[in-house]
Amino acid sequence: MKKKLMAVIMSVIMTGSMLAGCGSAAGGAAEGGAKETLTVGTNAAFPPFEYVGDDGKPDGFDMALIKAVGDKIGMEVQIQDMEFDSLVSSIGGKIDVAIAGMTVTEERQKTVDFSDSYYEAVQAVIVPKGSSVASADDLKNLKIGVQLGTTGEFIADEIEGVEVSAYNKAVDAVNDLINGRVDCVIVDKNPAEVFGAQFSDKVDVLSGTDFDFEPEFYAIALPKGNTELADKINGALKELKEDGTYDKLVKQYIEE
Ligand code: ARG
């Protein structure tokens with residue numbers, strides 16, 4: 001009898017400690033004070049949402065937002081910079097969640113869940129100065145540069161007669177545009193504007209209704225089925241909107 005009870009107790013203790021050791025995304029602050037880690041994947045080549053700061057560390061709107069989320073839910077955010085194209089498949093493995101100006105798409109939703117959206121975006125077209133490209137029709141049959149695995153790539157792939165070159169970083173596509181290897185680059189509007197300002201003597205940034213790009217919604221990608229974590233993160237996002245932190249970060253990083 002006693003032996004059996006011991007076995008039950010042991011198994012309860014073991015299950016408990018196994019759960020505790022199993023992935024950092026499972027709970028909030030660990031009991032006893034030490035903060036649990038939330039490992040967050042990003043691709044820090046997408047200003048103003050994420051870029052490598054002067055100190056060599058990832059910085060930008062998304063980085064500030066996820067740190068604020070971490071503070072709200074009592075978790076220590078640890079950023080892991082990787083290729084955009086491998087973020088979704090790394091969730092639940094190398095990383096717990098991803099924040100990377102990532103658009104909610106049906107395809108991605110087959111593999112991951114998304115938090116509530118935190119930003120509305122749209123694609124833009126970067127062209128060399130003096131280019132005659134002005135509308136969706138003009139994109140046909142062009143050589144188009146995109147970032148690998150992004151919605152810009154998926155959109156470019158649908159345009160008639162085009163030759164699409166996919167780069168690991170959007171800025172590499174912009175460099176090839178400047179070198180004349182592609183005719184235009186399709187990338188999200190905010191980064192397009194940053195690149196446009198960076199190379200203002202060489203490129204123009206086009207966006208707007210002439211291109212019929214659909215609105216896109218950025219959200220944090222989450223492990224599929226982890227509603228506990230999703231609820232916590234959504235709760236934190238809501239609080240950050242209500243307490244003015246979100247607006248402050250938009251002003252600081254996006255509208256400055
Ligand atoms: N919004 C686009 C997408 O979800 C591009 C995101 C690229 N983000 C990045 N950090 N490189 O596909």
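Note that this is a predicted model, so its numbers are computed, not measured. Ligands are counted one by one from 1 in listed order, and the atoms in each one are counted from 1 as well. Residue numbers run from 1 in the order of the sequence given.
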Give one line per pair: atom of ligand 1, protein atom, distance. Only N/O to N/O under 3.5 Å.
from     : atom 1 : to     : atom 2 : distance (Å)
ligand 1 : 1 (N)  : Gly101 : O      : 2.8
ligand 1 : 1 (N)  : Thr103 : OG1    : 2.8
ligand 1 : 1 (N)  : Asp188 : OD2    : 2.6
ligand 1 : 4 (O)  : Thr103 : N      : 2.8
ligand 1 : 4 (O)  : Thr103 : OG1    : 3.3
ligand 1 : 4 (O)  : Arg108 : NH1    : 2.8
ligand 1 : 8 (N)  : Ala100 : O      : 2.8
ligand 1 : 10 (N) : Asn43  : O      : 3.0
ligand 1 : 10 (N) : Glu50  : OE2    : 3.0
ligand 1 : 10 (N) : Ala100 : O      : 3.2
ligand 1 : 11 (N) : Asn43  : OD1    : 2.7
ligand 1 : 11 (N) : Gln147 : OE1    : 3.0
ligand 1 : 11 (N) : Gln147 : NE2    : 3.4
ligand 1 : 12 (O) : Arg108 : NH1    : 3.4
ligand 1 : 12 (O) : Arg108 : NH2    : 2.8
ligand 1 : 12 (O) : Thr151 : N      : 2.8

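Under the 3.5 Å distance criterion, the side-chain polar atoms of Ser131 are matched with a main-chain donor or acceptor of Val133. Distance alone, capped at 3.5 Å, is enough to place a donor-acceptor pair between the Asp183 side chain and the Lys143 backbone. Judged purely by atom type and a 3.5 angstrom limit, Thr42 uses its side chain to pair as donor or acceptor with the backbone of Ile99.
Asp85 is linked by a salt bridge (charged side-chain N to carboxylate O under 4.0 Å, His left out) to nothing, counting only residues two or more places apart in sequence or in another chain.
In this structure, Asp201 places its CG atom where more than 12 heavy-atom neighbours from other residues, nucleotides or ligands lie under 6.0 Å away.
Between Phe49 and Tyr218, the ring center distance clears the sub-6.0 Å criterion.
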